[in-house]
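Below you'll find the structure, written out as C-alpha cells, and then a few comments.
Below, chain A is the first sequence line, B the second, and so on; all start at residue 1. As the structure is a computational prediction, the values presented were derived from the model and not from experiment.
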Amino acid sequence: MKAIDRKVLRDLSLMRSAAVSIGLVLACGIATFVMSTSTLDSLRRALTDYARTGRLGHIFAPLVRAPSGLVERIETLPGVAAAEARITAEILLLLPDFEEPASARAISLPGIDGPVLNRIHLRAGRMPDPLRSGEILIGESFAAAHGLRPGDRLEAILSGRLQTLEITGIALSAEFIYEIREGDLLPDPRRFTVLWIGEADLAAAGDLDGAFNSVVLLLEPSATARAVMDAVDGLLEPYGGAGAGDRDDQMSWRAVTGELDQLRAMAIIAPILFLAVAAFLFNMTISRLVDRQREIIGLLKAFGYSGGAIARHFLRLAFVIAALGAIVGIAVGAWLGRALTATYASWFRFPVFDYVLRPGIIITATAISAGCALLGTLFAVRRAVRLEPAAAMRPPTPPQYHRGVMEWSGAIRYVPASLRMVLRQCARRPVRTTLTLLGLSFGVAIMVLGTYSADVIDELMDLQFGRVQRQDLTVLFTESREGRCVHECLGIEGVLAAQSFRAVPVRLRAGHRSRRVALLGMDATRPGGEALVALRDEAGGQVVVPSDGLLLSTALADLLAVRAGDMIEVEVLAEERRRFEMPVAATVADLSGLGAWISGDPLRVALREQDRVSGVHLGVDRSMEAEVLRDLRELPAVRAVLVKRAALAGFEETIARSILRMRIANTVFAMIIAVGVVLSSMRIALQERGRDLATLRVLGFTRGEVTGLLLAELLLLLVLAIPLGLVIGHWFAALATAFMQTETQRFPLVIRPATDALAVLVLAGGAALAAATVHFRIARLDLAATLRTAE
Amino acid sequence: MAHASDPAAPQPRSTAGHDALPRPIFVVRGVTRVYRMGEVDVHALRGIDLDLFEGEFVVLLGPSGSGKSTLLNVLGGLDQPTDGHIAFGGLDLSRAGEARRTRYRRESVGFVFQFYNLIPSLTALENVALVTDIARDPMPAAEALELVGLGPRRDHFPAQLSGGEQQRVAIARAVAKRPGVLLCDEPTGALDVETGSLVLEVIDRVNREIGTTTVVITHNAVIARMAHRVIALRDGRIESDARNEVRAHPSELRW
Ligand SMILES: Nc1ncnc2c1ncn2[C@@H]1O[C@H](COP(=O)(O)OP(=O)(O)O)[C@@H](O)[C@H]1O
Ligand SMILES: [Mg+2]
C-alpha cells in the first residue's frame, strides 16, 4: 500500500463520525431510490407478464344481448387479433358464516379449458365440469377472507332462484388482479368476489341461450384502440352496446397502474432531497478537511505530488464513503422493496409476483451515489488542487471580520457580545450557512413528503364517505325495479331514510370529445330531511341536483372540456339509443372518478319509462344494522348490498398498517438527516471555533453557556429552517400530488397541521440529540492546550 | 448567568505596595503534577511550597519545560495538582470541582496569554464586554480599554490590530472584571522589544494602580527586575525565591 493510500484510511478513521453521517444520509437516498424503482420494476414486470400470459383483453364491451354468431364479425374487424363472447351477471351469495349477502361478478366459462382471453389461473382445485350444473370457481381474496376451499358449497340467488353452488377451485385472472366491484372505491374481499360458472348456468339464469352480453377483444400490436372501439360500438349498437372501453376503464387495471405512477413519483422526488443533503454534507466535510490539511497538501505538493494525485486522494476518500453509503442503501432499499412488494402482493393477486432487483438498478444506484460524492467534493477538491505549495505552508490568513449591516444600523447594540460571535460567524460564511439551512429544511421536507399521503387518504375518505355518501347501506338490484321497492325498504325496521336512484350507461358528448360513463338519476330522500347523498362543490358546499341540468365531476368536465352552462349530448347506451341534450349545471368534487348526476325524473322522461329504480341508498339505525341486512336478503332482485362502514373498516385495517410503516420509515429517514446535518455543522463549528470556545471556558464561561452559544447558532438556523422546510415540503408534496393525478383520478393536496407538527418535532428531536453529543464534546475541550498554540 | 459572589475570594484593595501588611492570597503546599503520557510519567511539578501575597507583582522565571505554565494553570484553576494543596483565600482549589473552578476563573482570575486568545469575530470593545457581561462587579469595558490606552481602537477587530495592541486588549479583558489575581503566561513572548515593554508597562500600571496581585511568566531574566519578587523554577521545583529591593520601571528594561 502506498503511503498516500494509507493516508486515505487514516483520514477516514479520523473523520469516521462525519463519514458515518454522510454515508447514512446517502444511504437513505439510495434506499428510497432502490426501494421505489425495484418495487416499480417488480410490479410492472408482474403486470405485463400476467397481462401477456393471462391474455388480458385490450377492449371490453358490455351489451344487452347479441346472438353468438356476432362474435365472428367482431373478430374480423381490422386490428382485432381475437374476440371472445361471454355472459356476465351479478349474483348474490348467501354465506353461512355471514349475516350480510355478498355479491359476485359472475363470468361464464365456455368449456373445460376456460376462456381463451382473460385466462383463468387455477390456484387450487379443478375447473368446473361444463356438463355439471352449479360448479364454480371463486376469487382468491374472497376465498381467503372466508376460509373457503374447493368442495365447499354456497347458496346463491341466480335470477331470483335460490341455488346451491359447489366450489371446485380457487382462481385468478388478469382481469381481476385487484378484486373490486366496478364503480366501488374500496375493495371489500368479504363481500365481493369474481366467480366463474358454466356458460349454460348463466345463460339459463339470464335468458341468454345462444347469446352473449359481453365481449372481450385482443388487439393486434399495430391496431389503434380508439378505431377498434368505434367499430365495435357500431356493430353492437343494435344490441344495446353500452360502449366499449379499454384497459384503463377497468378498475383493476387502473388500481395497479395508479400504484405504478405513485412509485414513479416516489422514485424521483424523495431521493433528490436526500442526495442534495448528502452532497452538501460531502462539500462541508471535505472542505473542512482540505482546510485542516493545508500544510500537508502543501508538503505533498512540495514533494512532487501532482494536482491530479491530490485530487485523486480526496476523491478516493469521498468514493469510499459513497461506496459504503451505496452498499448500505442498496441493502436497505432491497429490504424495504421486498416488504413493499409483499404489501402489494396482499392487495394485488398475481400468479407470480416476485421481488426482483435487477443489476441495472444496482448499477444506477451506485452511479448516483458516486455522482453525488463527486458533485459534493468537486469544489473542495478544486481548492486543494489550486493551493500553491508555498501558500499552503503558511498558516491561513486569520478570518477577517468587518462591520456589516448589523453594526451600521446599530441593531447590534441590543445583542450581548457572546451572541454577536454567533451572528458574525453565520454572516461570514453565507454559502455554508445557507446550505446548512437548506439541509435542515430538507429534513422537515422529507418528513412532510413522506407522511402527507395519509392526510390525502383521510381527506378522500372523509369527503367521499363522510360528507358526500352519507348513506349506511346501498342496495343494488339486478334489473330496474318499480319505485315502490323504496317503500318496502322504508318498511324494514331500522331503516330511517331511503334515496333511490336510476343508473344507466350513457355516452356524454361535447363537440368532438366523448366519454362513456354511468349516469345517476337521483331521487329525493324519503321520508324527507337531509339527502343521503350530498354532492359537494370544490369548496365543500352542498350542491343540489337540479331538475334541468347535469352535474359532472370536475375530472369529467375537464375531460369533456365543458363548464357550467355548456350543453352536452347524452346518448343512452341501451337497446333503444335515446339521445337528449342538457346543460351542465355545475361541477362537483368527485374524487372517485368520472361521476355524472341528473335528477331522477327528467332521466326517466328521457328514457320514456316510469318509476324504475336501479338501487337505493339507505340510512339505518346503527344498532339495528345486522337485522336490516338480514331482512334485505328477503328482497327480490337484489344483486348487491354495500355496507359502507364495513368496507371502510376493512380498508383502514389494510391501509393503516402500511401508513404506519411508511411513517416509521420516514421518521427514521428524517431523523438521520436532522442528526446528520446538525452533527456535521456542529462538529465543524467545534473544530473551527474550538479555540474560541476553549478561550471562553478559560475566561470563566460554564460548559452550559458555551454549549448554549453553539446551540444559539443552531437555534437560529432551526428557526429559519422550519418554515423554509415546511414550504419546501409542501411544494414537493404538491409536485408529488401532480405526478399522481390521472385523467380520471383526482387527488386533493391536503397537509394537516399535525403532519407539519410531526415534521417539526422530528427535526427538533434530531437537533436535540445532536446537541447533546456536542455538550459532551465541549466537556472534553483541552483548555490548557488552546493556550499553548497560536493556531 | 448567576453572579453569586464568592465569599472566599479576597477583595482587591484600592492601594497596594510591597510594604503593605502582607497577607497570603495563595497558599501552595506540596503541590505535584504528574502527566501520564502512555507508559511514562512526566513530573511537571515535583513539590511546590509557596505563599503569594496580596498586591504582589511576582515574576516566574525558568527554562522551557521547568513547570511554569503548569504552576500558573494550577493557580488559575485550569488544572488540578496530582497531590498537595492550593488555597485561594478560603477556597481549596485542589479539591474544587469543575463548576466551582469555572466560577473562580470567572470572578477572580484575569488571564493573559502568549497568543492573546482574542475572539476574532468580536471587536476590541466586545472582547472586553464578553467578560464584563458575566462578571460580578466589572469596570465599564470602555474604561478598561482606556486603561490600556486603546480607547480610540475600540471598534477594531483583532485582525485589524497589531500584536501589541491585541495583547493590550487581552490585558483590558483580564483586568476589566477587577480580578483577585492577574496571571500572565509569557505575555511578551510573541512581541518585539518595543511592543513588549509597552505591554509590560500596562501590566505594571495595573498592578501599581489597582493593586491586583500579578504573576508573570517569562524566561527573560531582565523582565524580572520590575517585580517585587522573582521565583525561579527548575525541573518542577523552586530553585530560588528572591525579593527585589528596587523595582525597575518597564521603560528602563532593555533586552
Ligand atoms: N498536558 C500535558 N500533558 C503532558 N505533559 C505536559 C502537559 N503540560 C505540560 N507537560 C509537560 O510538563 C512539563 C512542564 O511543562 P510547562 O509547565 O509547560 O513548562 P514551561 O511553561 O515552564 O515551559 C514539560 O515537560 C511538559 O512537556
Ligand atoms: Mg510555558
Can you confirm whether B/Arg234 is buried at CZ, in the sense that more than 12 heavy atoms of other residues, nucleotides or ligands lie under 6.0 Å from that atom? no
Could you tell me whether A/Arg10 atom CZ has more than 12 heavy atoms of other residues or ligands within 6.0 Å of it? no
Where on [X] is there a heavy atom nearer than 4.5 Å to chain A: the side chain, the backbone, both, or neither?
| X | value |
| --- | --- |
| B/Arg173 | side chain |
| B/Glu186 | neither |
| B/Asp155 | both |

Identify each donor-acceptor pair in which a side-chain atom of residues 111-119 of chain B lies under 3.5 Å from a protein atom, sequence neighbours left out, and give them as a table.
unit_1	atom_1	unit_2	atom_2	d
B/Asn117	OD1	A/Arg691	NH2	3.3
B/Asn117	ND2	A/Thr695	OG1	3.0

Heavy-atom nearest pair, A/Arg424 first then B/Phe157, reads NH1-CE2, 3.6 Å
Restricting to non-hydrogen atoms, name the atom on B/Lys177 and the atom on A/Leu699 that form the minimum distance, rounded to 0.1 Å. NZ-O, 3.7 Å
Could you check which of B/Val128, B/Asn73, B/Leu130 has the highest count of heavy-atom pairs closer than 4.5 Å to chain A? B/Leu130
Tell me which of these, B/Leu125, B/Val131, B/Thr102, has more heavy-atom pairs under 4.5 Å with chain A than the rest. B/Thr102
So what's closer than 4.5 Å to chain B heavy atoms on A/Arg697: side chain, backbone, both or neither? both
Rounding to 0.5 Å, atoms CE (A/Met421) and CD (B/Glu126) come to a distance of 10.5 Å
